[in-house]
Each structure stands twice: as structure tokens, then as C-alpha cells.
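Both ligands and their constituent atoms are indexed starting at 1 by order of listing. The first residue of the sequence shown is numbered 1, and numbering continues consecutively from there.
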Amino acid sequence: METKKSLKICCAVTSILLLLLVITLLILYFTVLKPKKPAVVATPVGLDHIDFSLRPNVSLTLSIRMNISIKNPNYAGFKYENSSASIFYGGDFVGETPIEAGVIHARSIKNISTVVNIIANKVIGNPKFFPDVFKGSLNMNSEMGMEGKVILLGIFKLHAKTHSTCDIAIFVWQGNSTENCNSKIEL
Ligand SMILES: *[C@@H]1O[C@H](CO)[C@@H](O)[C@H](O)[C@H]1NC(C)=O
Ligand SMILES: *[C@@H]1O[C@H](CO)[C@@H](O)[C@H](O)[C@H]1NC(C)=O
Ligand SMILES: *[C@@H]1O[C@H](CO)[C@@H](O)[C@H](O)[C@H]1NC(C)=O
Ligand SMILES: *[C@@H]1O[C@H](CO)[C@@H](O)[C@H](O)[C@H]1NC(C)=O
Ligand SMILES: *[C@@H]1O[C@H](CO)[C@@H](O)[C@H](O)[C@H]1NC(C)=O
């Protein structure tokens, strides 16, 4: 009789402890370990170089400076694949800068400062080019996508796909630019 009773108590205590352990793990998972989406913001920050002339021939040399910030909010590393920031003019691809694969440590921000060289022939060959030149500005967009994995204790691997876009107006006669990022992600 006595052993049966103590066995019951033992069982109950064990169950309670197991339940507490499960609850603790669940709370830990949803607060600390739950993978959160990294944020990528690629912002054009001005012209690195511009050379434009209509005579004797139409010529354009253009490169745009971009600052890229990647924020990893996780309590684990974010491993990202080879990616690139691209520039489009009138919907056509006109240049990109490669971002080599890497790792961002837990809860940190990595800033990359880079330059995109624009493929001039693709810009000059666009039907929008001459009308835009006479209006005074070339309107381009930048786009940045990144894919990677959040590695949590080597158990969970989550894909994170992030995107950011900006509009850039290039004033070819003044040789400067304005940038407007409508999809700005808070860092
Ligand atoms: C302008 O273009 C013409 C014909 O395409 C070429 O012969 C000439 O060398 C070019 N001039 C310059 C300054 O690039
Ligand atoms: C872009 O990055 C460079 C180098 O990190 C920094 O000096 C500059 O202030 C940044 N520009 C902007 C607009 O954040
Ligand atoms: C990433 O880029 C580097 C250098 O450009 C290259 O050596 C490597 O093979 C690329 N990795 C993948 C998975 O494409
Ligand atoms: C990276 O950029 C962000 C936002 O532009 C800034 O708040 C942060 O201080 C920068 N970090 C480093 C290490 O430069
Ligand atoms: C571009 O340059 C012109 C003159 O050089 C100046 O008046 C204008 O304010 C500049 N615009 C921007 C966006 O910096």
C-alpha cells in the first residue's frame, strides 16, 4: 500500500516537472529562438561618377554608390548566399554589384558600401533615354534581394528572403541625384 502511494506521488511529480520543462522550452522557443526575418536595406546614396555629353557623340559613364545594411535580429547566425544589388532603367536591367556570400553574427548589423557601374549602352539604347535627357533626369530603380538561412543551434534552418527597392533620379546636366526608398525597412 505504502509503495503504491509513493509511486503515485512520484508519477505526479515527474509529470508536473515534465510539463514545466515543456512549457519552459515553448516559451524559450517563442521568445528567444523563434527565427525572425533578417532585414536588408540597399540605399543608393549618390553618384560616384558621372560623365555625360551629347557631342561629338552621345557618351555616358555613370556609377552609383549604394549602402547596404543587413540586420540579423536572431540569437543565431544568418548565413546568406551570393546576391546582388541591381539597377533598372525603364524596366531594363542596366547594372549590378555582387555581394559575396557571408555570415552575419547573432543580433548584429553588417554594412556594405559598394558602387554599381551602369552599362551605358543599355541606357542610351533605351527609347526613354532622349526624352528623359531633354527633361533633365533619368529615373532608375534599385532592387536588392537576398536569400539565406538562420542557423539555430544547428537544428532549425530557415529561409529568409528579403527585398528592398528605391527610386533614383539622375540629373544628367547637374551631375547629381536624388533617392527615394518607398519600401524602407526600419533597422
Ligand atoms: C563618334 O562616332 C563616330 C562614328 O561612330 C566615330 O567615327 C568617331 O570616332 C566618334 N568620335 C568620338 C570622339 O568618339
Ligand atoms: C554610406 O556608407 C559609408 C561608408 O560606410 C558612410 O561613410 C556613409 O555615411 C554612408 N552614407 C549614408 C547616406 O548612410
Ligand atoms: C559565390 O561567389 C564567389 C566569388 O564570386 C564564387 O567563388 C563562389 O563559387 C560563389 N558561390 C556560389 C554558391 O555560387
Ligand atoms: C550600419 O548602418 C546603420 C544604419 O545605416 C547604422 O545605424 C549603424 O551604426 C551602422 N553600423 C556600423 C557598424 O557601421
Ligand atoms: C544638383 O546640383 C544643382 C546645381 O549644381 C543644385 O542646384 C541642386 O540643388 C542639386 N540637387 C541635389 C538634389 O543635390
Side-chain angles (χ1 to χ4, degrees), residues 35 37-55 58-74 76-90 93-120 123-124 128-152 154 156-187:
K37 222 176 147 176
V40 178
V41 185
T43 320
V45 292
L47 304 183
D48 188 63
H49 182 83
I50 182 166
D51 238 323
F52 172 67
S53 67
L54 283 176
R55 267 175 291 201
V58 181
S59 83
L60 176 70
T61 314
L62 177 63
S63 47
I64 298 169
R65 267 187 280 123
M66 298 260 276
N67 279 10
I68 297 163
S69 291
I70 312 157
K71 183 192 182 187
N72 176 16
N74 292 288
F78 174 60
K79 197 172 169 204
Y80 59 94
E81 298 165 11
N82 280 353
S83 348
S84 62
S86 308
I87 306 275
F88 295 86
Y89 175 58
F93 170 84
V94 294
E96 70 178 349
T97 182
I99 311 295
E100 222 177 291
V103 175
I104 301 160
H105 300 302
R107 299 182 66 74
S108 66
I109 295 176
K110 184 172 185 172
N111 293 332
I112 301 167
S113 176
T114 180
V115 169
V116 184
N117 294 317
I118 301 299
I119 306 160
V123 177
I124 295 169
K128 280 167 61 77
F129 182 70
F130 287 104
D132 279 357
V133 164
F134 291 111
K135 269 184 258 164
S137 75
L138 305 176
N139 298 313
M140 302 192 175
N141 323 91
S142 67
E143 204 176 289
M144 164 100 209
M146 182 170 263
E147 261 194 88
K149 286 173 181 158
V150 175
I151 302 150
L152 284 176
F156 308 103
K157 285 188 180 174
L158 178 95
H159 268 287
K161 209 173 184 176
T162 55
H163 251 279
S164 68
T165 60
C166 298
D167 296 323
I168 317 156
I170 295 151
F171 303 105
V172 286
W173 301 112
Q174 284 106 326
N176 54 17
S177 64
T178 56
E179 296 79 24
N180 176 31
C181 298
N182 34 22
S183 64
K184 195 164 186 165
I185 306 164
E186 280 295 308
L187 277 181

Any non-hydrogen protein atom below 4.0 Å of atom 11 (N) of ligand 5?
yes

For the pair Thr165 and Asn141, evaluate side chain to side chain contact (heavy atoms under 4.5 Å, CB included) and give the outcome as yes or no after the intermediate values.
CA-CA 7 Å; Thr165 60; Asn141 323 91; 6.0 Å; no

Give me the residue, atom name and distance of the protein heavy atom closest to atom 4 (C) of ligand 5.
Gln174 CG, 4.0 Å

Test side chain to side chain contact (heavy atoms under 4.5 Å, CB included) on Tyr89 and Ile119 and set out the steps.
CA-CA 11 Å; Tyr89 175 58; Ile119 306 160; over 6 Å; no

Out of curiosity, is Gly175 lining ligand 5, as in a heavy atom under 4.0 Å away?
no

For atom 3 (C) of ligand 2, tell me which residue out of Thr43, Val45, Asn67 has the closest non-hydrogen atom.
Asn67

Give the atom numbers and elements of ligand 5 that come within less than 4.0 Å of a heavy atom of Thr178.
13 (C)

Taking 4.0 Å as the limit for heavy-atom contacts, which would you say applies to Glu81 with ligand 3: side chain only, backbone only, both, or neither?
neither

Verify atom 14 (O) of ligand 5: protein non-hydrogen atom under 4.0 angstrom away:
yes

What atoms of ligand 5 come closer than 4.0 angstrom to any heavy atom of Asn176?
1 (C), 2 (O), 3 (C), 8 (C), 10 (C), 11 (N), 12 (C), 14 (O)

Check the side chains of Asn111 and Ser69 for a donor-acceptor pair under 3.5 angstrom, ignoring hydrogens and angles.
yes

Heavy-atom pair with the smallest gap, counting every atom of Phe78 and Val150:
CD1-CG2, 3.8 Å

For His105, look at atom NE2 and say whether over 12 heavy atoms of other residues, nucleotides or ligands are found less than 6.0 Å away.
no

With side chain to side chain contact (heavy atoms under 4.5 Å, CB included) as the criterion, how do Asn82 and Glu100 come out once you've worked through the C-alpha distance, each side chain's angles and the decisive distance to 0.1 Å?
CA-CA 5 Å; Asn82 280 353; Glu100 222 177 291; 3.9 Å; yes

Check the pair Met140, Leu62 against side chain to side chain contact (heavy atoms under 4.5 Å, CB included), reporting the backbone distance first and the verdict last.
CA-CA 12 Å; Met140 302 192 175; Leu62 177 63; 4.0 Å; yes

Does ligand 3 come near enough to Asn82 that some N or O of the ligand is less than 3.5 Å from an N or O of the residue?
yes

Under 4.0 Å from any heavy atom of Ser177, which atoms of ligand 5 are there?
13 (C)

